[in-house]
Amino acid sequence: MVKSAGHPSARAARSPSVARVSLLIPTHALPSLSYGIPERLGPAVRPGSVVAAPLSGRPRLGVVVGTEDGQSAREYVLSVADDLSLPSRLVEVCRRVCEKAAVPLPVVLRAALPPGLETGRYRVLKPDRAWPWRTGEVVARAVLERALGPDALRAAAAEGRIELAPAPPRPPLVEWAVVRAAANPDLRRAPRQRELFELLKERGGASPTASLLAETGANRGALRELVRRGAIRVVRRQQAAPTEATEGDRAVARDVQPFLRLARRAVKSGGTFLWRTPAREEPDAVAAVVWATLEGGEQALVLAPEIGVVESVVGRLRRALPAGYTVAAFHSGLGRGRTAVYEAARGGAVDVVVGTRTAALLPLARPGSVCVVDEPSEGHRAEPGYEGLPVHVRDIALERGRAEGASVFCLSPYPSLRISAPEVRRRERIRQLPVRRSDAWPGVRIVDMRGSGAVFSSTLIEACRRHRDEGKRVGMVANRLGYATAVSCTRCGAVKRCPNCDLPLALGGRTGPLVCVRCGHKETNTGRCDECGSDRVVPTGLAVEHLREYLAEHLGEPVGLVTAASRDLADAPAVVGTAHCILEDDWDAVILPDVDAFLLASAVGAVERSYRLLHGAAEAARELLLVQTRVPEHYALRAGVRGDYEAFAAVELPRLRALGYPPFAHLAALTFEGSGSAVRRTVESRLRPALEPGVEMSAVVPVGRAGKSFLWRVLLRSNGRPAVARAAALAARLAAGTHGLKARVEVDPEEV
DNA sequence: AGCACGCCGACT
DNA sequence: GTCGGCGTGCTC
């Protein structure tokens with residue numbers, strides 16, 4: 001559905017109003033450009049319209065980000081793709097996200113458009129006689145370019161023979177069975193076919209064949225036979241949005257009731273809220289917010305950090321919400337099926353969308369509320385340089401609240417300090433709902449490991465054995481994958497380091513080799529200390545495999561393993577795994593044998609993560625939380641095992657302020673890929689002189705390599721987020737214009 | 001002087 | 001992203 005300006009004749013003589021267009025070219029280097037609005041397109045061109053406009057003589061797809069009156073422009077908007085246009089308030093959200101996060105505006109806008117949108121396809125309007133394509137056919141730019149050559153392609157576009165035809169990917173086709181009119185087959189001696197036919201009639205005479213076959217257990221032969229008899233037709237239809245109808249299950253809804261009054265009040269008053277509830281109550285709090293939103297006739301968007309959580313929240317909402325509403329999931333795992341959900345959300349046909357970060361900018365016809373589930377999770381932000389925006393979902397949600405008037409809820413027992421700090425809450429007008437504490441708390445044992453070289457204390461081993469003997473389950477958290485992060489001498493304490501990079505060498509397998517994670521240096525593990533000559537060099541840094549082996553030895557029976565990559569013997573009485581995989585489950589006892597690896601990590605943000613780990617571990621443990629440490633008085637440890645978030649914040653916030661870290665100052669992490677000389681030249685002679693006052697920049701530090709090229713890290717810091725974002729955007733622009741240099745930019749990363 | 005190549009900035 | 005201008009440096 002593209003409205004075209006009939007070519008140059010349509011250019012109005014009097015000065016037309018002007019559209020600012022952000023062309024969908026993913027670069028920092030191209031600003032929004034001004035184009036005239038031809039008279040006949042006038043009303044269709046508004047902020048949010050998706051339009052075609054020429055750049056360097058060829059049409060490009062872009063989004064109108066603003067309109068002005070009076071000025072004239074040399075080039076004109078060519079056409080409008082009405083069926084793709086975004087709500088203008090969402091464009092406002094995209095603009096603010098772009099400014100705050102130093103992500104090019106076209107990249108942010110692209111994230112708000114349908115996934116997989118083809119921007120480089122043309123519809124053939126008036127084919128030349130020599131062309132192999134017919135009128136109305138849609139052809140990819142690459143195909144046209146190969147066949148015609150770039151000049152003829154441009155000429156064809158200028159002559160109006162072809163027209164840019166953006167199209168979201170079509171939903172996949174699904175096979176349907178449809179009863180033929182007046183069909184009355186004799187199925188007395190064909191029970192399978194009869195069953196199929198009856199079920200199909202029960203469903204109103206049309207149904208996807210997959211579910212018919214699954215439900216009756218019939219095979220395709222029975223279906224084919226019905227077709228042969230002329231009883232049914234098999235047709236292919238576009239898959240409808242995979243929405244689910246709510247059920248209003250009373251028993252499940254009862255769990256939601258305690259949250260409902262609060263949620264109704266908050267949704268009604270509007271604004272941004274922190275809601276601290278125990279992790280296991282989060283789905284019910286979300287259900288209450290969604291419920292209250294639907295009562296107001298608006299749509300709810302729920303954002304979860306990963307696909308598994310999305311699916312479980314969808315299931316919970318489907319059962320808990322009153323009957324008569326629709327819920328849909330939106331995440332990358334749905335492939336092309338996502339398009340239909342996108343359309344349904346944009347058109348207001350679905351009431352609730354639950355999605356991963358890819359859904360953060362999903363257009364909604366009636367935006368009512370946005371819930372960020374497990375707010376501090378790092379899954380809410382894409383790694384810079386990979387697909388998706390390197391922006392935390394909470395920041396997008398906050399902007400949606402402001403621009404679209406949606407109520408925003410950030411849920412977690414332990415929200416990130418950058419959103420819960422009193423200064424931030426005041427500045428951003430974030431209100432805190434009454435805190436709900438876990439009603440059960442396990443017993444806590446903190447085992448002081450000072451003066452012990454052992455991996456496991458006797459307390460730990462006894463606790464494991466006791467739980468095992470009582471038929472209870474123990475979950476143990478490891479901090480690393482693999483076997484060991486380093487080897488050190490038990491006599492003098494020296495750590496074996498890489499001769500090139502000075503980094504501790506990691507142990508690849510039980511007996512070696514020793515490998516450098518940065519430069520790839522490899523050596524055999526001799527077990528001998530280079531410093532004191534002892535032969536007592538042993539693995540340290542308790543990685544998953546090692547812990548598992550060790551624990552199995554002590555218990556005299558196999559121990560389970562759960563990581564993102566593998567699940568083995570997950571039902572064993574004792575299971576070792578990564579923090580993420582262990583803590584999403586419930587255990588009788590949770591054991592953190594090496595919490596110091598988290599507490600003492602050098603990254604700022606690591607302490608906060610440790611607090612969450614401890615608090616989360618306590619919530620996941622029914623009876624016992626056991627922690628081994630050499631810093632038993634550490635504030636994050638003491639507060640974490642009690643779930644005392646306020647006590648932790650009271651110490652950590654002043655520390656962050658003193659260090660000049662978010663939320664008290666803002667950072668941008670720049671990662672450059674290229675030769676050291678190119679990086680230093682760009683950073684020192686071009687970026688540094690251009691920095692605004694108040695923006696500090698660190699030195700260039702090597703941080704490893706990506707394949708053949710080297711990676712370098714530079715940190716920018718400023719009191720104001722806009723200033724640091726501008727500097728980061730400048731860095732990205734400089735790198736984009738420098739041959740052999742790539743930059744990835746992240747403003748206020750979760751951890752530095 | 002004439003031309004190839006690569007860098008840089010403009011493009012609306 | 002893509003193009004053209006222009007400066008550098010090489011060849012005829």
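Fair warning: this is a prediction, and the values are worked out from it, not measured in the lab. In what follows, chains carry the letters A, B, and so on, assigned in the order in which the sequence lines appear, proteins first and then strands, with residues in each chain numbered from 1.
Non-hydrogen atoms lying under 4.0 Å from DNA chain B are contributed by nothing in residues 107-119 of chain A.
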**OP:** Quick one, give me the B/S/- string for nucleotides 1-6 of chain C, reading 5' to 3', where B means a protein heavy atom under 4.0 Å from the base and S means that only happens at the primed atoms, P, OP1 or OP2.
**Re:** BSS---
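Applying the ring-ring contact (aromatic ring centres under 6.0 Å, His included) test to pairs two or more places apart or on separate chains, those with a residue in residues 387-408 of chain A are H380(A)-H392(A). A side chain to side chain donor-acceptor pair (under 3.5 Å) check over residues 131-149 of chain A, counting only residues at least two apart or in different chains, returns the pairs Y122(A)-R141(A). For residues 44-61 of chain A, no pair satisfies side chain to side chain donor-acceptor pair (under 3.5 Å), with sequence neighbours left out. Residue pairs meeting the side chain to side chain donor-acceptor pair (under 3.5 Å) criterion with at least one partner in residues 105-121 of chain A, sequence neighbours excluded, do not occur; the list is empty.
Taking 4.0 Å as the cutoff to heavy atoms of chain A, we find the contact window on DNA chain B bounded by dC7(B) to dT12(B).
The salt bridge (Lys or Arg N to Asp or Glu O under 4.0 Å) test applied to R394(A) returns E375(A), E750(A), not counting sequence neighbours. Applying the salt bridge (Lys or Arg N to Asp or Glu O under 4.0 Å) criterion to E684(A), with sequence neighbours excluded, gives R688(A). With sequence neighbours excluded, no residue forms a salt bridge (Lys or Arg N to Asp or Glu O under 4.0 Å) with D374(A). For T272(A), the side-chain contact (heavy atoms from CB on, under 4.5 Å) partners two or more places apart in sequence, or in a different chain, are L398(A), V408(A), I430(A).
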Name each donor-acceptor pair under 3.5 Å that joins a side chain in residues 93-104 of chain A to protein atoms two or more places apart or in another chain, with its distance.
{"from": "R96(A)", "atom 1": "NE", "to": "E92(A)", "atom 2": "OE2", "distance (Å)": "3.3"}
{"from": "K100(A)", "atom 1": "NZ", "to": "E399(A)", "atom 2": "OE2", "distance (Å)": "3.1"}

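The side-chain contact (heavy atoms from CB on, under 4.5 Å) test with V354(A) is passed by exactly one of V309(A), L303(A), L301(A), V302(A): V302(A).
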